[in-house]
Amino acid sequence: MAEPVLVLEGVCKTYGEGALAVEVLHDIDLRLQAGEFAALIGPSGSGKSTLLNLIGLLDRPSRGRLVIAGHDTGALPEAELTRLRGRALGFVFQHHHLINAFSALENVMMPLLVERGRQDAAMRATAARLLAQVGLGDRLDARPDRLSGGQQQRVAIARALTMGPPLVLADEPTGNLDTQTSDAVFSLLREVNRAQGTSFLIVTHDPRLAARCDRIIELVDGRIVADHPA
């Protein structure tokens with residue numbers, strides 16, 4: 001079996017110290033295999049955002065082991081964590097976080113530009129290919145404020161795929177969209193998963209969307225209380 005793209009073993013997260021310490025994640029064990037398409041669900045305050053921040057290498061566990069794409073992150077210095085985050089993880093958020101001063105093409109190129117420091121023809125070709133893949137091949141030069149909400153989220157998805165990450169973390173990626181647009185964007189994520197074998201971990205409050213994933217992981221009060229096929 002191929003190496004998992006994500007492994008958490010006994011992961012805990014505590015905020016504060018001494019008598020004021022509060023543990024918000026308790027002994028999280030989780031594995032995500034290459035090509036899996038999983039939903040992370042749970043009520044507000046259950047610890048989903050904290051868990052996503054740990055997996056996204058935006059914060060460190062207080063205890064436990066976190067492995068991303070075969071890299072044990074526990075001993076990595078901040079510079080190596082930043083490099084791993086850029087190469088192994090893609091991010092799609094509820095708010096698209098596009099830069100209005102830049103075109104769709106330039107927004108999608110941004111991760112490559114950050115890594116390489118200068119723009120080149122290969123970079124532009126990669127961004128154009130990804131925009132075509134998400135159905136925006138004719139809107140390369142459009143700025144975000146000239147795109148619909150669904151089109152903006154498609155640009156954000158293309159940007160998340162720019163570095164070819166094995167794992168994409170999607171935090172309420174359809175939360176700001178109407179039902180029809182939400183279904184279309186979700187279907188696009190599914191197409192990418194099936195066509196490229198990219199793994200997805202999707203945080204959602206929408207039971208309809210969770211049911212369309214392969215696996216549902218439920219978090220309550222900082223603990224995984226259920227993990228089963230959808």
Side-chain angles (χ1 to χ4, degrees), residues 3 5-6 32 34-35 52-60 66-173 176 185 188-189 191-203:
E3 187 175 68
V5 296
L6 173 66
L32 203 65
L52 213 62
N53 283 342
L54 296 183
I55 296 171
L57 304 180
L58 302 172
D59 199 358
R60 291 181 183 263
L66 172 61
V67 181
I68 303 285
H71 298 271
D72 193 326
T73 64
L76 293 181
E78 289 299 323
E80 289 297 322
L81 282 180
T82 299
R83 190 171 296 113
L84 181 61
R85 184 189 310 119
R87 293 177 178 174
L89 298 170
F91 297 88
V92 182
F93 303 99
Q94 181 173 348
H95 303 283
H96 51 74
H97 296 301
L98 301 177
I99 302 173
N100 278 322
F102 294 158
S103 68
L105 187 74
E106 291 166 333
N107 270 281
V108 175
M109 284 194 299
M110 194 58 61
L112 287 167
L113 189 59
V114 168
E115 182 176 80
R116 300 178 188 176
R118 58 191 295 272
Q119 188 181 138
D120 57 35
M123 193 184 298
R124 293 180 66 85
T126 296
R129 174 180 56 78
L130 288 168
L131 283 168
Q133 182 181 343
V134 300
L136 293 175
D138 59 344
R139 305 304 305 273
L140 303 185
D141 296 322
R143 296 184 188 275
D145 59 5
R146 297 293 182 179
L147 300 173
S148 70
Q151 289 173 327
Q152 290 171 348
Q153 198 63 308
R154 286 172 178 266
V155 175
I157 292 168
R159 181 184 58 192
L161 299 172
T162 300
M163 301 296 289
L167 174 60
V168 171
L169 305 176
D171 189 2
E172 296 286 356
N176 284 337
V185 167
L188 175 60
L189 297 178
E191 289 170 15
V192 170
N193 163 251
R194 288 170 172 159
Q196 300 180 193
T198 305
S199 300
F200 281 82
L201 182 62
I202 300 173
V203 173

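Note that CG of Asp171 is 9.5 Å distant from CG of Leu201, once rounded to the nearest 0.5 Å. Here the CD-CG distance, from Gln119 to Leu112, works out to 10.5 Å after rounding to the nearest 0.5 Å. In this structure, Asp138 CG and Leu131 CG are separated by 10.0 Å, a value rounded to the nearest 0.5 Å. Atom CG of Leu130 is separated from atom CD1 of Ile157 by 11.5 Å, given to the nearest 0.5 angstrom. Within the model, atoms CZ of Arg124 and CZ of Arg129 stand 15.0 Å from one another, a figure rounded to the nearest 0.5 Å. The distance from the CG atom of Leu6 to the CD1 atom of Ile68 is 5.0 Å, given to the nearest 0.5 Å.
Counting only heavy atoms from C-beta outward, the side chains of Arg159 and Leu98 approach each other to under 4.5 Å. Here the side chains of Phe102 and Met109 are not in contact, with every heavy-atom distance at 4.5 Å or above. Using a 4.5 Å cut-off on side-chain heavy atoms (C-beta onward), Val92 and Phe200 make no contact. Here the side chains of Gln133 and Glu191 are not in contact, with every heavy-atom distance at 4.5 Å or above. When side chains are defined from C-beta on, Val155 does not count as touching Pro144, because their heavy atoms never get closer than 4.5 Å. The shortest distance between side-chain heavy atoms of Leu57 and Leu66 falls below 4.5 Å. Within the 4.5 Å cutoff, the side chain of Leu147 has heavy atoms near those of the Gln152 side chain. Counting only heavy atoms from C-beta outward, the side chains of Gln151 and Leu136 approach each other to under 4.5 Å.
Using a 4.0 Å cut-off between charged nitrogen and carboxylate oxygen, Arg60 and Glu78 count as a salt-bridge pair.
A side-chain donor-acceptor contact under 3.5 Å links Ser199 to the backbone of Gly35. Using a distance-only test at 3.5 Å, with no hydrogens or angles considered, no donor-acceptor pair links the side chain of Arg154 to the main chain of Val185. The backbone N or O of Ile99 sits less than 3.5 Å from a side-chain atom of Asn107, completing a donor-acceptor pair.
In this view, His71 satisfies the ring pair (Phe, Tyr, Trp, His ring centres under 6.0 Å) rule with no residue, not counting sequence neighbours. Applying the side chain to side chain donor-acceptor pair (under 3.5 Å) rule to His95 yields the partners Asn176; only residues at least two apart in sequence or on another chain are considered. Considering only residues two or more places apart in sequence or on other chains, Arg87 meets the side chain to side chain donor-acceptor pair (under 3.5 Å) condition with Glu115.
Between His97 and Phe93, the ring planes are perpendicular. Angles over 60° get that label, and only those under 30° would be called parallel.
When all heavy atoms of Gln94 and Gln153 are compared, the closest pair comes out as O-NE2, 3.8 Å. Closest non-hydrogen pair, Arg139 versus Arg146, comes out as NH2-O, 3.4 Å.
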